[in-house]
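Encoded as C-alpha cells, the structure appears first; notes follow it.
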Amino acid sequence: MIDKLTSLMFFGVVLILTLIEFRRVNNWITPFTLTAWPFAIISITVNLLLVKMGFYSVTLLVHLFVLANLIIIWLIGFLISYIYHDDRSSRQNYD
C-alpha cells in the first residue's frame, strides 16, 4: 500500500516540477522531463498493475533516491535557464 502512495506522490512531484519548469523555459522537452517522466510512468505501472502479476514493487527508498537525483538535474537546469534567459521584451530590443 505504501508503495502505491509513494508512486502517486512521486508522480505529483514530477508533475509540479515539470509545470514550474515549463513556466520558466516555455518548453516541454527538457533534460528533466526526458529523465523524470519515463521513470514516473514505469513506477506507477509497476506498483499499480504489475505487482499483481508477480513483479517486485518500486519501494520508497528507490523513489527517494531517484527523486534526489532528479531534483539535482532540475536545479541545474533551472539555474542555467536563469543565466542564459533573456528578460528583455521585444520592444526593448529596438531601443
Side-chain angles (χ1 to χ4, degrees):
M1 180 65 178
I2 191 75
D3 295 333
K4 293 178 184 179
L5 291 175
T6 57
S7 288
L8 293 174
M9 289 183 350
F10 182 83
F11 188 84
V13 169
V14 168
L15 179 64
I16 289 169
L17 291 175
T18 301
L19 292 175
I20 291 171
E21 188 172 46
F22 177 75
R23 291 186 66 182
R24 176 69 188 146
V25 297
N26 201 21
N27 192 358
W28 290 110
I29 307 294
T30 62
F32 174 76
T33 58
L34 291 176
T35 307
W37 281 105
F39 182 78
I41 292 169
I42 289 169
S43 171
I44 283 190
T45 304
V46 167
N47 283 344
L48 294 181
L49 300 174
L50 298 180
V51 169
K52 297 174 185 170
M53 295 173 52
F55 285 79
Y56 290 113
S57 64
V58 181
T59 62
L60 173 64
L61 293 176
V62 172
H63 282 115
L64 290 176
F65 177 76
V66 172
L67 187 61
N69 290 300
L70 288 175
I71 287 175
I72 291 170
I73 293 171
W74 183 81
L75 285 174
I76 291 170
F78 206 69
L79 292 174
I80 289 174
S81 75
Y82 269 108
I83 293 171
Y84 292 109
H85 185 70
D86 187 16
D87 288 330
R88 295 180 298 172
S89 66
S90 61
R91 181 167 173 82
Q92 291 175 343
N93 288 336
Y94 296 112
D95 292 337

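No hydrogens, no waters, no symmetry mates; every other heavy atom, side chains included, goes into these values. Residue numbers run from 1 in the order of the sequence given.
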Legend entry - Stepwise side-chain contact (heavy atoms from CB on, under 4.5 Å) check, V62 with F39: CA-CA 11 Å; V62 172; F39 182 78; 4.0 Å; yes
Inset, instruction - Any chance you could lay out the side-chain contact (heavy atoms from CB on, under 4.5 Å) test for W28 and T33, step after step, and finish with the verdict? - result: CA-CA 7 Å; W28 290 110; T33 58; 5.6 Å; no
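Under the 4.5 Å side-chain heavy-atom criterion for Ile, Leu, Val, Met, Phe, Trp and Tyr, Y82 and L75 are members of the same hydrophobic cluster. A continuous path of hydrophobic side-chain contacts links F55 to F11 [ILVMFWY only; heavy atoms under 4.5 Å]. One hydrophobic cluster, built from ILVMFWY side chains closer than 4.5 Å, holds both I80 and I72. I73 and L34 end up in different hydrophobic clusters when Ile, Leu, Val, Met, Phe, Trp and Tyr side chains are linked at under 4.5 Å. L19 and V25 fall into different hydrophobic clusters, defined by Ile, Leu, Val, Met, Phe, Trp and Tyr side-chain heavy atoms under 4.5 Å apart, directly or through other members.
In the displayed structure, F22 atom CZ is contacted under 6.0 Å by more than 12 heavy atoms of other residues, nucleotides or ligands.
Remark: side-chain polar atoms of D3 are not paired, donor with acceptor, to backbone N or O of N47 under 3.5 angstrom. No side-chain donor-acceptor contact under 3.5 Å links T6 to the backbone of L60.
For S43, the side chain to side chain donor-acceptor pair (under 3.5 Å) partners two or more places apart in sequence, or in a different chain, are S7, H63. For F65, the ring pair (Phe, Tyr, Trp, His ring centres under 6.0 Å) criterion is met by no residue, not counting sequence neighbours. Scanning for side chain to side chain contact (heavy atoms under 4.5 Å, CB included) contacts around L17 gives V13, F32, I71, W74, with sequence neighbours left out.
Considering every non-hydrogen atom in both S57 and V51, the closest pair reads CB-CG2, 3.8 Å.
Evaluated for a side-chain contact (heavy atoms from CB on, under 4.5 Å) with I16, the options V14, T18, I20 yield exactly one hit, I20.
For the atom pair CE (M9) and CG (L67), the distance works out to 9.5 Å, reported to the nearest 0.5 Å.
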